[in-house]
Amino acid sequence: MKLRSLLFVPGDSEKKFAKACGSNADILILDLEDAVAPSQKPAARDFTSSIISPEKRDWAFFVRINPLDTGMTQDDLSAVVKPGLDGVVLPKANGVHDVNRIAGDLDKLESDAGMALGTVKILVVATETPAAMHNLGSYQHAPSRLIGLTWGAEDLAAAIGARANKDERGEWTFPYQVARAQCLFAASAANVAPIDTLYSDFRDTDGLRRDCAQARRDGFVGRIAIHPAQVEPINESFTPSRDEIEEAQKIVAAFEANPDAGTLGIGGKMYDIPHLKAARRTLSAI
């Protein structure tokens with residue numbers, strides 16, 4: 001499953017869903033949480049359930065369910081866990097114990113739906129509460145359904161009473177730089193995909209590309225999108241270039257030819273095991 005671009009789509013909009021299907025996103029996330037007004041949540045749940053089918057498609061179907069403290073989570077899961085669903089996004093998670101709870105629900109619902117155990121994956125929004133920030137290390141012990149961690153700043157800012165989460169230059173203030181970095185470290189420690197948060201100005205393509213380049217430099221492998229226009233810049237940013245692929249292939253081939261070597265000279269440069277790991281990661285993103 002590719003995890004470069006993850007496009008959110010309001011779960012109550014047939015029109016926006018139809019447009020999103022042609023976006024070339026790796027994952028479409030039908031949103032039953034923040035994108036839907038409280039009065040429209042039952043209708044959004046019904047619509048989202050109606051469009052989940054096992055037909056072949058070139059993107060993965062995820063649903064962002066409502067948080068565990070809303071009393072709506074179980075109804076969401078019961079409606080959407082059926083053949084054709086690839087994953088759920090769990091918002092406002094406080095740690096791996098919340099993932100375990102959802103995983104247990106999925107075990108039963110998959111069985112009832114005649115689906116193979118473990119079909120439905122879990123992506124966690126891991127930094128939306130103060131408690132979550134203290135439990136990021138817990139995801140090392142997550143069930144195999146967990147495929148990635150992403151982060152968010154808006155709910156966290158509201159939870160801690162912040163007046164803003166960006167400075168006058170539009171850069172994240174320190175608490176949210178910490179949240180971003182800790183999400184990256186936690187995902188890497190859990191051996192799952194680190195996914196960068198959204199870029200809010202969907203008209204600023206140049207800014208999005210710059211921000212994605214920084215995210216990929218730091219270790220993120222994909223990004224949340226909030227508009228179809230963001231998908232192609234995100235896909236391009238998180239796809240290795242031809243030169244990067246060729247360099248990675250040379251590094252991997254050289255170490256495979258010298259399995260006992262810890263350091264090798266390739267084309268006049270010295271490479272060691274961290275370079276080999278990075279090369280393999282580059283090739284896995286193709």
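- In this structure a side-chain-to-backbone donor-acceptor pair under 3.5 Å is present from Asp31 to Ala35.
- Minimum heavy-atom separation, Asn24 to Asn235: O-ND2, 3.0 Å.
- For Asp204 (side chain) and Gly207 (main-chain N/O), a donor-acceptor pair under 3.5 Å exists by modelled atom type.
- Side-chain contact of Arg180 with Thr197: a donor-acceptor pair under 3.5 Å is absent, judged by distance alone.
- A donor-acceptor distance shorter than 3.5 angstrom exists from the side chain of Ser138 to the backbone of Asn135, with no hydrogens or angles considered.
- Of all heavy-atom pairs between Gly87 and Val120, the closest is CA-CG1, 3.7 Å.
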Problem set entry | Cys21 vs Trp59, side chain to side chain contact (heavy atoms under 4.5 Å, CB included): CA-CA, chis, key distance, verdict | CA-CA 8 Å; Cys21 287; Trp59 47 271; 3.8 Å; yes

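- Both Leu109 and Ile51 are members of a single hydrophobic cluster when ILVMFWY side chains are connected at heavy-atom separations under 4.5 Å.
- Two different hydrophobic clusters hold Leu90 and Ile29 under the rule that ILVMFWY side chains link at heavy-atom gaps under 4.5 Å.
- The backbone N or O of Asp107 lies less than 3.5 Å from no partner atom in the side chain of Ser111, so there is not a single donor-acceptor pair.
- Electrostatic pairing of Asp211 and Arg223 counts as a salt bridge here, judged by a charged N lying under 4.0 Å from a carboxylate O.
- Of the possible polar contacts, none joining the Glu110 side chain to the Met115 backbone as a donor-acceptor pair under 3.5 Å is found.
- Atoms NE2 and OG, on His227 and Ser23 in that order, are 10.5 Å from each other to the nearest 0.5 Å.
- Here the CD1 atom belonging to Ile224 is positioned 10.5 Å from the CD1 atom belonging to Ile226, to the nearest 0.5 angstrom.
- Atom-to-atom distance recorded for Asp201:CG and Asp206:CG is 11.0 Å, nearest 0.5 angstrom.
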Problem set entry | Verdict with reasoning, Asp155 to Asp34, per side chain to side chain contact (heavy atoms under 4.5 Å, CB included) | CA-CA 10 Å; Asp155 287 290; Asp34 287 345; 3.8 Å; yes

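- When side chains are defined from C-beta on, Pro194 does not count as touching Asp218, because their heavy atoms never get closer than 4.5 Å.
- At a threshold of 4.5 Å between non-hydrogen side-chain atoms, the residues Arg101 and His97 do not count as touching.
- The pair Asp86-Arg57 counts as a salt bridge, with a side-chain nitrogen and a carboxylate oxygen less than 4.0 angstrom apart.
- Between the CD atom of Glu236 and the OG1 atom of Thr239 there is a distance of 8.0 Å, given to the nearest 0.5 Å.
- Using a 4.5 Å heavy-atom cutoff, the side chains of Ile102 and Ile122 are in contact.
- Between Leu276 and Leu264 there is no side-chain heavy-atom pair separated by less than 4.5 Å.
- Counting heavy atoms from C-beta outward, Leu6 and Leu123 have side chains that approach closer than 4.5 Å.
- No side-chain heavy atom of Leu149 sits less than 4.5 Å from a side-chain heavy atom of Gln182.
- Between the side chain of Asn66 and the main chain of Leu32, a donor-acceptor pair closer than 3.5 Å is present.
- Judged by distance alone, the side chain of Thr282 and the main-chain N or O of Ile245 form no donor-acceptor pair under 3.5 Å.
- Counting only heavy atoms from C-beta outward, the side chains of Pro228 and Phe202 never approach each other to under 4.5 Å.
- Of the possible donor and acceptor atoms, none in the side chain of Gln40 sits under 3.5 Å from a partner among the backbone N and O of Asp12.
- A salt bridge does not link Lys269 with Glu247: every distance from a Lys NZ or Arg NE/NH1/NH2 to an Asp or Glu carboxylate oxygen is 4.0 Å or more.
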For this session: Take His275 and Asp272 through the side chain to side chain contact (heavy atoms under 4.5 Å, CB included) test and state the conclusion after the steps.
Result: CA-CA 5 Å; His275 293 103; Asp272 55 17; 2.8 Å; yes

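- Side chain of Ser49 to main chain of Asp46: no donor-acceptor pair is present (N/O by atom type, distance under 3.5 Å, no hydrogens or angles).
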For this session: Show your reasoning for whether side chain to side chain contact (heavy atoms under 4.5 Å, CB included) applies to Arg281 and Val221.
Result: CA-CA 10 Å; Arg281 184 173 181 178; Val221 300; 3.1 Å; yes

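- Residue Ile65 is grouped with residue Leu106 when hydrophobic side chains (ILVMFWY) are merged at heavy-atom distances under 4.5 angstrom, including chains of intermediate members.
- Between Asn94 and Leu68 the shortest side-chain heavy-atom distance does not fall below 4.5 Å.
- A donor-acceptor pair is defined here as one N or O able to donate and one able to accept, closer than 3.5 Å; such a pair exists between the side chain of Thr73 and the backbone of Pro67.
- Rounding to the nearest 0.5 Å gives a distance of 6.0 Å between OH of Tyr271 and CD1 of Ile266.
- Ionic pairing of Lys92 and Asp69 is not present here: no N-O contact between side-chain nitrogen and carboxylate oxygen is shorter than 4.0 angstrom.
- Residues Val96 and Val192 share a hydrophobic cluster, clusters being chains of Ile/Leu/Val/Met/Phe/Trp/Tyr side chains in contact below 4.5 Å.
- Taken to the nearest 0.5 Å, the CZ atom of Phe62 stands 4.0 Å off from the CD1 atom of Ile27.
- Residues Leu146 and Trp151 fall within the same hydrophobic cluster, defined by Ile, Leu, Val, Met, Phe, Trp and Tyr side chains chained together at heavy-atom separations under 4.5 Å.
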